[in-house]
Number of protein chains: 2
Amino acid sequence: MKALSIKDIAKKAEVSITTVSFILNGKAAQMRISKAVIEKVEAIIKEMEFKPNQVARSLRTGNTKTIGLLVEDISNPFFASIARKIEDKAYKKGYKISYSSTENNPAKAKDLIEMFKSRQVDAYIIAPVPGIEDDIKLLLAEGIPVVIFDRNLPDLDVNSVAVDNFNGTYIATEYLINKGKKNIAFVTVDVHVDQMDNRFLGYQKALKDHGQLFNTALYTEIPFNNPDDNTDAQLKLMFELNPEIDAVLFSTNYLAIKGLGVLKQINKQINEDFTIISYDDHDVFRLHTPPISVVDQPIEEIAERIIDIVLHELANSNNPLNRRGLSKVVLQPHFIER
Amino acid sequence: MKALSIKDIAKKAEVSITTVSFILNGKAAQMRISKAVIEKVEAIIKEMEFKPNQVARSLRTGNTKTIGLLVEDISNPFFASIARKIEDKAYKKGYKISYSSTENNPAKAKDLIEMFKSRQVDAYIIAPVPGIEDDIKLLLAEGIPVVIFDRNLPDLDVNSVAVDNFNGTYIATEYLINKGKKNIAFVTVDVHVDQMDNRFLGYQKALKDHGQLFNTALYTEIPFNNPDDNTDAQLKLMFELNPEIDAVLFSTNYLAIKGLGVLKQINKQINEDFTIISYDDHDVFRLHTPPISVVDQPIEEIAERIIDIVLHELANSNNPLNRRGLSKVVLQPHFIER
DNA sequence: GTGAAAGCGCTAACAG
DNA sequence: CTGTTAGCGCTTTCAC
């Protein structure tokens, strides 16, 4: 079964392909094509279930109606949830999403951007990894809409939607201090993206503001993509060497989940005297016994702001004058006490 | 900055575009193009960072090197994990993934298939919703590779990767019975896809084989996409009306997670006398106090089998003779006792 | 060994 | 009001 083309429709309707094309693109009125012809052609299109070949259209018009989405890992609930919301909104506007996971690997990220480029995606939504600033600059130089999120690239003039990471850990740390905690550990990843660094800084600043000293022994950095065993061992070591720890702040949900696993293994109870807080919420924390307080990122709002910016830029990419300036959105995280 | 085309390269290298094209496609040797020319052209390609326009290539060749992935909801960890694995393997073979969430809505699923079609995706990976059998048939009739997974469409001659759902609930139920449970409730969704029905049947059969009667009062069906409040209320009601319940088998992880939330609200302890089992694992269950036993689906293997079939069909789609017959893969779930 | 040219399906000047 | 036609960038047949 061969796919239909605009030609087949034209032949069947006994009009030219131009006429069909105009009707297909809603330019019939403006081209003052007669009602009779429009109706006839539309009837045939419907009857034959003709769908224009989007690839040909893309080649001709230069836009593909797809948005490239680059995240760290689509199987991380944080990214998956955002992906889902973005997909929904994009779908309603006729856009499709092509996604890829960068694994925090700049080489892979660069390669993915290349692939997206050669596929002519209309816009990019990127959770950036360090080292791809130049690639993003290139995109911008070509006038392609880009929004970065989750992490900021401070010295890049690019739209971004971020959460105030500094404040997130600040309020969490402050909460712990107010609860009388004296030895608050901080567990994070070794990926020094702006966002992670800020989470660390928020923690440090809160300690300082409340007259506590930052103790490097209570700071653990886990390599990204560490095999589980190593991570477990590293965390165990920290707990063993520092029995005075009375609270732990994890800079990201999957580390906190690993942490809970380790605490279970070493049979350390979470209670009034030993508190855990995670950055990013997760069902695990809500249902845990006892429940775990978290710094929650407004996922819904993040996704909304991202796609709004993208769609707006896309809608106005023809007349650059109409494009609003850079959007640098900073949303506030919420502390959920449990 | 205008994008380069093959023409620019040809001009710069002072050869014809044909030559460039051959070199680009690795047909240089077979066309017996001289080494000197090849090297010169390749140097220029590298120097100018030329990337062929994939859209034009697609229009010409008819294949887009992208695979359409239709899942119920990309933010469900089960689908997200599978999506991730599929993405990885596809990426290594030069394929990209375009995903969409069907929300169990046949109209949306149909529409998405149309969109993918007009975008000429090379192959489809679909977690089917009932009512799209005809659309899948159409795809097959056109010779496009399709693999369905998670749910089977029994009367369709299409590649599928499924898990033995019947056996999954059977062994879980048997486990509970062997633990001495007499009133095992079953909570499932109202979506009557083959896979969910089989989970129910496995539960029923196990009861029967062990001389227990199926009690409809202990069977609760939650509407898909139910607002949280309703679901909670429905579950509460079941627990209230049937205090004799000594175990609950949830047919899917998100229902079990909801269930845990409800049990927390009504302060019902999970212990030797009251056991919970979920279909599909999740971090929540592993870390829960007490931990929750689950029927685990071999996600990794599912993803692997899917992408293997797809890539194999794709590789041999030119010579249909070489295509192996239908692959109907059935994998076994594992019961994880915790 | 290399090049000219047709054409994939569609859009949009430009003609009439 | 509708049709003719020139490409979009690439692959591939055929010719030299």
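A, B, ... follow the sequence lines: proteins, then strands. Residue 1 opens every chain.
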Quiz item: Does A/Glu103 come within less than 4.0 Å of B/Arg84, counting only side-chain N to carboxylate O?
Solution: yes
Whole angstrom value for the distance that separates [atom2] of [N] from [atom1] of [X]:
| X | N | atom1 | atom2 | result |
| --- | --- | --- | --- | --- |
| B/Arg119 | C/dC10 | CZ | P | 14 Å |
| A/Gln54 | C/dT11 | CD | P | 9 Å |
| B/Ile33 | C/dG3 | CD1 | P | 9 Å |
| B/Leu59 | D/dC8 | CG | P | 13 Å |
| A/Ile23 | C/dA12 | CD1 | P | 15 Å |
| A/Leu4 | C/dG9 | CG | P | 11 Å |
| A/Lys27 | C/dC10 | NZ | C1' | 12 Å |
| A/Gln120 | D/dG9 | CD | P | 9 Å |

Could you tell me whether the side chain of [Y] reaches within less than 4.5 Å of the side chain of [X], counting heavy atoms only?
| X | Y | value |
| --- | --- | --- |
| A/Val37 | A/Val15 | yes |
| A/Asp150 | A/Phe78 | yes |
| A/Val158 | A/Leu326 | no |

Practice problem: Using five base pairs at each end, measure the axis-to-axis angle across the helix from C/dG1-D/dC16 to C/dG16-D/dC1 and round it to 10 degrees. | Solution: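 End-to-end axis angle for the helix from C/dG1-D/dC16 to C/dG16-D/dC1: 50°, rounded to 10°.
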Practice problem: State which of D/dT2, D/dA6, C/dC8 makes the closest approach to the side chain of A/Ser34. | Solution: D/dT2
Self-check item: Nucleic acid contacts - residues 41-53 of chain B versus DNA chain C, non-hydrogen atoms under 4.0 Å
Solution: none
Quiz prompt | Sorted by number, the residues of residues 6-22 of chain B with heavy-atom contact under 4.0 Å to DNA chain C | solution = B/Val15, B/Ser16, B/Thr18, B/Thr19
Quiz item: With a 3.5 Å cut-off and no angle check, do the side chains of A/Glu313 and A/Asn159 form a donor-acceptor pair?
Solution: yes
Quiz item: In terms of side-chain heavy atoms, does A/Thr19 have a donor or acceptor partner in A/Ser16 at a distance below 3.5 Å?
Solution: yes
Self-check item: Row check, A/Tyr99 ring normal vs B/Lys96 NZ/CZ: under 6.0 Å, within 45°
Solution: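 No, B/Lys96 does not sit over the ring of A/Tyr99.
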Exercise. Mark yes or no: A/Lys108 above the aromatic ring of B/Tyr91, with NZ or CZ under 6.0 Å from the six-membered ring centre and no more than 45 degrees from the axis.
Key: yes
Going by atom type alone, with no hydrogens or angles, which donor-acceptor pairs under 3.5 Å involve a side-chain atom of residues 131-140 of chain B and a protein atom two or more places apart or on another chain?
residue: B/Glu133; atom: OE1; partner: B/Gly131; partner atom: N; Å: 2.9
residue: B/Asp135; atom: OD1; partner: B/Lys110; partner atom: NZ; Å: 2.9

Self-check item: A/Arg57 side-chain N/O to C/dG9 phosphate OP1/OP2 under 4.0 Å
Solution: no
Could you tabulate the donor-acceptor pairs under 3.5 Å formed by side-chain atoms of residues 120-129 of chain A, not counting sequence neighbours?
residue: A/Asp122; atom: OD1; partner: A/Thr64; partner atom: N; Å: 2.8
residue: A/Asp122; atom: OD1; partner: A/Thr64; partner atom: OG1; Å: 3.3
residue: A/Asp122; atom: OD2; partner: A/Thr64; partner atom: N; Å: 3.2
residue: A/Asp122; atom: OD2; partner: A/Lys65; partner atom: N; Å: 2.6
residue: A/Tyr124; atom: OH; partner: A/Lys117; partner atom: N; Å: 3.3

Counting only pairs under 3.5 Å, give me each side-chain donor-acceptor contact of residues 39-52 of chain B, with atom names and distances, residues two or more places apart or in other chains.
residue: B/Lys40; atom: NZ; partner: B/Ala13; partner atom: O; Å: 3.0

